[in-house]
Amino acid sequence: MYPIHLQQIRPQTTAHLAQTMTLLSMTSNELRQSIEAELANNPALELLEVKRCRTCGRSLMENGPCPVCSRPHDPNQAEPIVFTSTQQDYFSSVSNGSQHIIPVDELPEDNVAPSIDLPGFVLQQIAPELELEDRPIAAHILTSLDDDGLLQIQLFEISRYLHVSMERVNHVLDLIRRSEPIGVGSSSPQEALMIQLDILAKTQYVPPLAERAIREGMNLLSRHHYSKLGELLGITPQEAEIIAQFISSNLNPYPGRAHWGSVRQGSESNPHTYHHPDILISTLHQQANSPLVVEILSPIRGSLQINALFRKALKNAPEEKTEKWQQDLEKANLLIKCLRQRGNTMRQLMTILTQEQRNFILQGDKFMRPLTRASLAIQLDVHESTISRAVSGKTARLPNGRMIPLSKFFDRSLSVRTLIREIVKHEVSPLTDSQITRMLHKEGHQVARRTVAKYRSMEGILPAQTRHKLPSP
DNA sequence: CTATGGCACGGATT
DNA sequence: AATCCGTGCCATAG
């Protein structure tokens, strides 16, 4: 058994321990499923209505004032605002008002699937930026996607069918293509690759010839004809192969076949499904120097409590039922307690995490601080495995809209890798690995030459000798 | 002789 | 207990 000692909750039966661990390691989607199951067959449980903040409309799980609005705005950055909110408004903001949009109830409701389908997943992301009158367009496009996430119908058909201008259609389509999975809604694998490359180039080094390789050598690329591809681009077959390798490992011609599903380990869920974030991180009033707002999404519409009527009924229950009802009551109690504890742990975790990684969240990969689960465990005075469970499988949505697995907060090498990308980007003449190593040491990063080489290839950057032959276009 | 990638080892992580 | 990651050593290519 794993020793867990969280503050505030003392009596710990084995059942309590076991359930705490299980709940902690669930994503909000999985949690919703099991809570709904319990609600359905346990009469002692009752769902309390959602409380909504009057000012900002957030739906809140707990009693008391809205942590975002009612808090006096002392811009103390160090202290993020962490609280639990429900996912409900997330859906309703997407769906209200248009019959073309997939209705709320049909999204997550359909039985077992703990996740939503591709159209819903994309819609969720673009909803905030979508004008009301553009929603039918988005719905039309999204429902026309094929299994690969590509759009097979013609654009003018949409514009004619819905009586809207091509401009609008293109605008919406552009939004869609730039959301996860990037390139979704393209009309061909080639187009999808181009968009992905474009987006990737904003945050990463990409081989200069990759774009031409896709644009002009697409058919050679897909057939692995590296020598011909090299000919076309004026480079050797080996170099062409490296480019092809970069493309195949960083880009995905069929955005619908999700990489995303496989990101979550240990899950049998099929790769065609997408997941909600478990955590939303945003800034207050879009001000960069304000505290971070961290919402831990709860999968259910309200908060759970013991049904008062049930408790009364228990007192004069028929003989043969008392035992069963008593069990139900205890089970319900346990669930509520454990849920509270889960929220508690998540909140503590996110508090520290956002404090430590504030710069990473706001300014990107370069500012990632190396962090280990073990060190967090010490700070929070919990067992390592608690942190592990709390982190594993969960995803967060950053203020800039990126979805990342929570485990990325613990990626030790990310900052160094980004630094390497930048060094290479700004280099005058190609630097060798040992030169890069020296530069990193000056910046205070203690890494070995061999490691730099590994990172470099991880980022798809060619070796120094090969780099200088390829003039940037 | 130098820069790089492969293999393998030990320590951290899960 | 199994796996991942950084690193050192060594062979190879240029």
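Chain letters run A, B, ... following the sequence lines, proteins first, then strands; residues in each count from 1.
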Checklist entry - Is a side-chain donor or acceptor of Q355(A) paired with a backbone partner of P80(A) at a separation under 3.5 angstrom? => result no
Checklist entry - How is T372(A) classified with respect to the nucleic acid when contacts are heavy atoms under 4.0 Å: base, sugar-phosphate, or nothing? => result sugar-phosphate
Checklist entry - Between dG6(C), dT4(B), dG6(B), which one does the side chain of Y455(A) approach most closely? => result dG6(C)
Item to check | Separation of dT13(B) P from F410(A) CZ (nearest whole Å) | outcome: 11 Å
Checklist entry - Would R417(A) and D411(A) pass as an ion pair if we require N to O under 4.0 Å? => result yes
Checklist entry - For the pair made of CE in M458(A) and P in dT4(B), what is the distance, rounded to whole Å? => result 16 Å
Next on the checklist: By nearest atom, which of the nucleotides dG6(C), dG14(C), dT7(C) is closest to the Q465(A) side chain?
Outcome noted: dG14(C)
Checklist entry - Is any side-chain N or O of R456(A) closer than 4.0 Å to OP1 or OP2 of dG5(B)? => result yes
Checklist entry - With distance as the sole criterion, do the side chain of R450(A) and the base of dG6(B) form a donor-acceptor contact below 3.5 Å? => result yes
Next on the checklist: Between D365(A) and T418(A) (side chain of the first, backbone of the second, donor and acceptor by atom type, cut-off under 3.5 Å), is there such a pair?
Outcome noted: no
Next on the checklist: Pick the closest DNA chain B nucleotide for E384(A) and for A453(A) by heavy atoms, then say which residue is nearer the 5' end.
Outcome noted: A453(A)
Next on the checklist: When you compare the side chain of T345(A) with that of V382(A), does any pair of heavy atoms fall below 4.5 Å?
Outcome noted: no
Next on the checklist: Please report the distance, rounded to the nearest Å, between CG in L371(A) and C1' in dA12(B).
Outcome noted: 14 Å
Checklist entry - Within the side chain of T351(A), is there an N or O that forms a donor-acceptor pair under 3.5 Å with the backbone of R347(A)? => result yes
Next on the checklist: Measuring only between side-chain heavy atoms, which start at C-beta, is I461(A) closer than 4.5 Å to Y455(A)?
Outcome noted: no
Checklist entry - Do any of residues 432-439 of chain A sit with a heavy atom less than 4.0 Å from DNA chain B, and if so which? => result T432(A), D433(A)
Checklist entry - CZ of F409(A) versus C1' of dT13(B): gap in Å, rounded? => result 19 Å
Checklist entry - Which whole-number value in Å describes the distance from H445(A) NE2 to dG6(C) P? => result 13 Å
Checklist entry - Counting only N and O atoms by type, is there a donor-acceptor contact under 3.5 Å from the side chain of R369(A) to the main-chain atoms of Q357(A)? => result no
Checklist entry - So which nucleotide from dG5(B), dC7(B), dT13(B) ends up closest to the side chain of K454(A)? => result dC7(B)
